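First comes the structure, then the notes that go with it.
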Amino acid sequence: MTATSGKAPPGATRRRYLILGLAFIGLSLNYLDRANLSVALPFIQEDLHLDLSNAEKGLILGAFFWAYDGAMLAAGWMTDRYGSRKAFTFAALWWSVVTALTPLARGFWSLFAFRFALGAGEAPAYPSATKAASRWFPRHERAFATAVIDSGSRVGTVLSLPIVTALIALVSWHFSFVVLGVLGIMWAAVWYWYYRDPREHSGANDLEREYIAANGARLEETDDEAAARIRWRDLFRYRTIRGMMLGFFCLNFVIYFFLTWFPSYLKDARHLDLAQLGTLGTLPGITAIAGGWIAGIVADRRIRAGADVTRVRKTVMVGGLLGGAAIVFAAPAKSVYVALLFLAISYASLAIAATGIWSLPGDVAPSSRHVASIGGIQNFASNIAGIISPFIFGLLLDLYDGNYLPSFLVAGVVAVIGALTYAFIVGKAEPLPVLDR
């Protein structure tokens, strides 16, 4: 059986797809909780009679990323040390409890504190999901698996608009946080009960395990001993790792507009009401979900057909970031529908790029012991953008009287820089060599 032999042998179980579905649901809940405040903030501000400037709202929304980013490097290391089962469970319990307690907030600093605590708890989620996918999926199925997992961020963000607005309309903004917190605790219990690595999972048979191991999954039994001994801090010596950090920073600088300021943009700049926020506001996210899944399927088919893995990964990353620059054309659009079209193109393109970006840790890790660590490293760099981007958007809105064009122009330039980074700095999509110490 070759690394790109294609189909699993007859009789092999497909337990990996149940694992994938669980990880997808976990990331969807993760982003539902993350986006909850973005949707609810205008209503919280009105209910609590808070007089917040756009810059202050940007600081509250960005507080999540101060903690999330600060914990990310440790989260990747922790996931490689303790495994996806324990790390993802720990993360889900933490972020869910914090979400459920958020209605206790009464002002700027308490909102900032809850947002900060939420970020710290969510840090292990992506490294855990990435490591699980690298163990359960062979190389020629990894792009689709990654697309499904990463689309959880889009699904959670999209669902936050209709779900949170419905809960607010039916009960109150307090209720939305409590409900989502309880759902997260329930998911954590299911993940801890069900998840195991392939060789330990009673639901997978030997045929599935052999198919996974023989086709490029990152498992201990396939590790090179010298590569497995590479120290965590030495990962930063690789140009490819540093390029991955810069490139992902650029992608997240743009994509976090959709996770933080997007509801406010639709309400303030496009004057959509609550019902329209829950309908029209979902269109860019739905387009992004579809774009990511299609890109993952096409990438896997190309690799299965013998295409060069590096060429496939770079095509989606470079092309996706260039398409992400379409956000620039949304601001001057006269029609809300034209604006949503350009925002949908931008968001979908960024989602396409993300399928390659999140496949890379499994591709370039020197050993299976480094997959989550590299995922955490690139996610650490990317979420510095989560700290900077919401504040810059808010600051520029204050400076230019609510005009989004300057912010969108900055985002477009950053997207192009990201495309150039993946084209010329990031190396081949293959395990990194052992460097001399």
Side-chain angles (χ1 to χ4, degrees), residues 1-28 79-80 83-89 128-152 155 187 189-224 228 289 292-309 312-313 355-356 358-363 365 367-369 371-372 375 429-431:
M1 185 179 293
T2 65
T4 55
S5 59
K7 298 180 180 179
T13 51
R14 299 167 66 86
R15 199 62 53 176
R16 61 194 181 280
Y17 290 103
L18 289 177
I19 298 293
L20 178 62
L22 263 182
F24 164 75
I25 294 170
L27 264 297
S28 297
T79 302
D80 274 331
S84 295
R85 181 179 179 231
K86 293 180 180 178
F88 215 162
T89 302
S128 298
T130 302
K131 187 175 184 70
S134 75
R135 287 180 173 269
W136 274 94
F137 284 86
R139 195 178 199 186
H140 61 276
E141 294 181 359
R142 193 173 295 150
F144 175 70
T146 298
V148 171
I149 289 172
D150 187 55
S151 72
V155 170
W187 180 89
V190 173
W191 177 263
Y192 187 80
W193 165 73
Y194 188 76
Y195 182 84
R196 300 291 189 281
D197 285 340
R199 62 184 176 184
E200 301 165 350
H201 203 293
S202 60
N205 63 16
D206 289 339
L207 285 173
E208 183 176 21
R209 294 190 190 97
E210 291 168 4
Y211 167 71
I212 291 168
N215 285 274
R218 305 311 299 267
L219 303 166
E220 280 86 354
E221 55 261 38
T222 63
D223 283 344
D224 175 79
I289 294 164
W293 283 42
I294 292 170
I297 292 171
V298 172
D300 283 341
R301 286 182 178 176
R302 293 291 301 139
I303 293 170
R304 205 157 34 234
D308 179 68
V309 176
V312 172
R313 298 282 190 252
T355 65
W358 276 113
S359 295
L360 279 182
D363 292 334
S367 77
S368 66
R369 302 178 188 182
V371 175
E430 59 187 29

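FYI, the numbering just counts along the sequence from 1. The figures here come from the full heavy-atom set of this structure, side chains too, leaving out hydrogens, waters and symmetry mates. Here the structure is a predicted model, which is why all the values come from computation and not from measurement.
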Rounded distance (nearest 0.5 Å) linking atom CD1 of Ile289 with atom CD1 of Ile294:
11.5 Å
Any side-chain to backbone donor/acceptor pair from Lys131 onto Arg369? Under 3.5 Å, distance only.
no
Looking at Ser84, is its backbone amide N or carbonyl O close enough to the side chain of Trp191 to form a donor-acceptor pair, meaning the two atoms are under 3.5 Å apart?
yes
Looking at every non-hydrogen atom in both residues, tell me the closest pair between Leu219 and Arg135 and how far apart they are.
CD2-O, 3.7 Å
In this structure, CG of Asp80 is separated from OG of Ser128 (nearest 0.5 Å) by 9.5 Å
Salt bridge Glu430-Arg139, side-chain N to carboxylate O under 4.0 Å
no
Would the number of heavy atoms belonging to other residues, nucleotides or ligands and lying under 6.0 Å from CZ of Arg196 be above 12?
yes
Rounded to the nearest 0.5 Å, what separates atom CZ in Arg209 from atom CD in Glu200?
9.5 Å
Show the nearest heavy-atom pair for residues Ile212 and Phe137, with the distance to one decimal.
CG2-N, 4.4 Å
Using only atom types and a distance under 3.5 Å, with no angle test, would you say the side chain of Asp223 pairs donor to acceptor with the backbone of Ser367?
no
Using a 3.5 Å distance criterion without hydrogens, assess whether the side chain of Arg313 forms a donor-acceptor pair with backbone atoms of Ala429.
no
What closest approach, in Å, do Leu207 and Pro10 show between heavy atoms, and which atom pair accounts for it?
CD1-O, 3.4 Å
With distance as the sole test, does Arg142 use its side chain to make a donor-acceptor pair with the main-chain N or O of Gly216 at under 3.5 Å?
yes
Hey, could you give me the CG/CG distance between Leu22 and Leu27, rounded to the nearest 0.5 Å?
11.5 Å
Kindly determine whether Thr130 and Trp358 satisfy side chain to side chain donor-acceptor pair (under 3.5 Å), including the steps that lead there.
CA-CA 7 Å; Thr130 302; Trp358 276 113; 6.0 Å; no
Determine, step by step, whether Arg15 and Trp136 satisfy the side chain to side chain contact (heavy atoms under 4.5 Å, CB included) criterion, reporting the C-alpha distance in whole Å, the side-chain angles of both residues, the deciding distance to 0.1 Å, and the verdict.
CA-CA 9 Å; Arg15 199 62 53 176; Trp136 274 94; 4.0 Å; yes
Give a yes or no on whether the backbone of Gly362 and the side-chain of Arg218 come within a donor-acceptor separation of less than 3.5 Å.
yes
Indicate the atoms forming the closest heavy-atom contact of Arg16 with Ala8, along with that distance.
NH2-CB, 4.1 Å
Value rounded to 0.5 Å, distance of CG in Asp197 from CD in Glu220
7.0 Å
Main chain of Thr146, side chain of Asp150: is a donor-acceptor contact present, judged purely on distance under 3.5 Å?
no
Here the pair of heavy atoms bringing His201 nearest to Tyr194 is NE2-O, 3.2 Å
Any side-chain to backbone donor/acceptor pair from Arg85 onto Tyr192? Under 3.5 Å, distance only.
yes
Main-chain N/O of Thr13 paired to Asn205 side chain as donor or acceptor, under 3.5 Å
yes
Gap between atom CZ of Phe24 and atom OH of Tyr17 - 0.5 Å precision
15.5 Å
To check you understand the geometry: which heavy-atom pair defines the closest contact between Ser359 and Ala143, and what is its length?
OG-CA, 3.6 Å
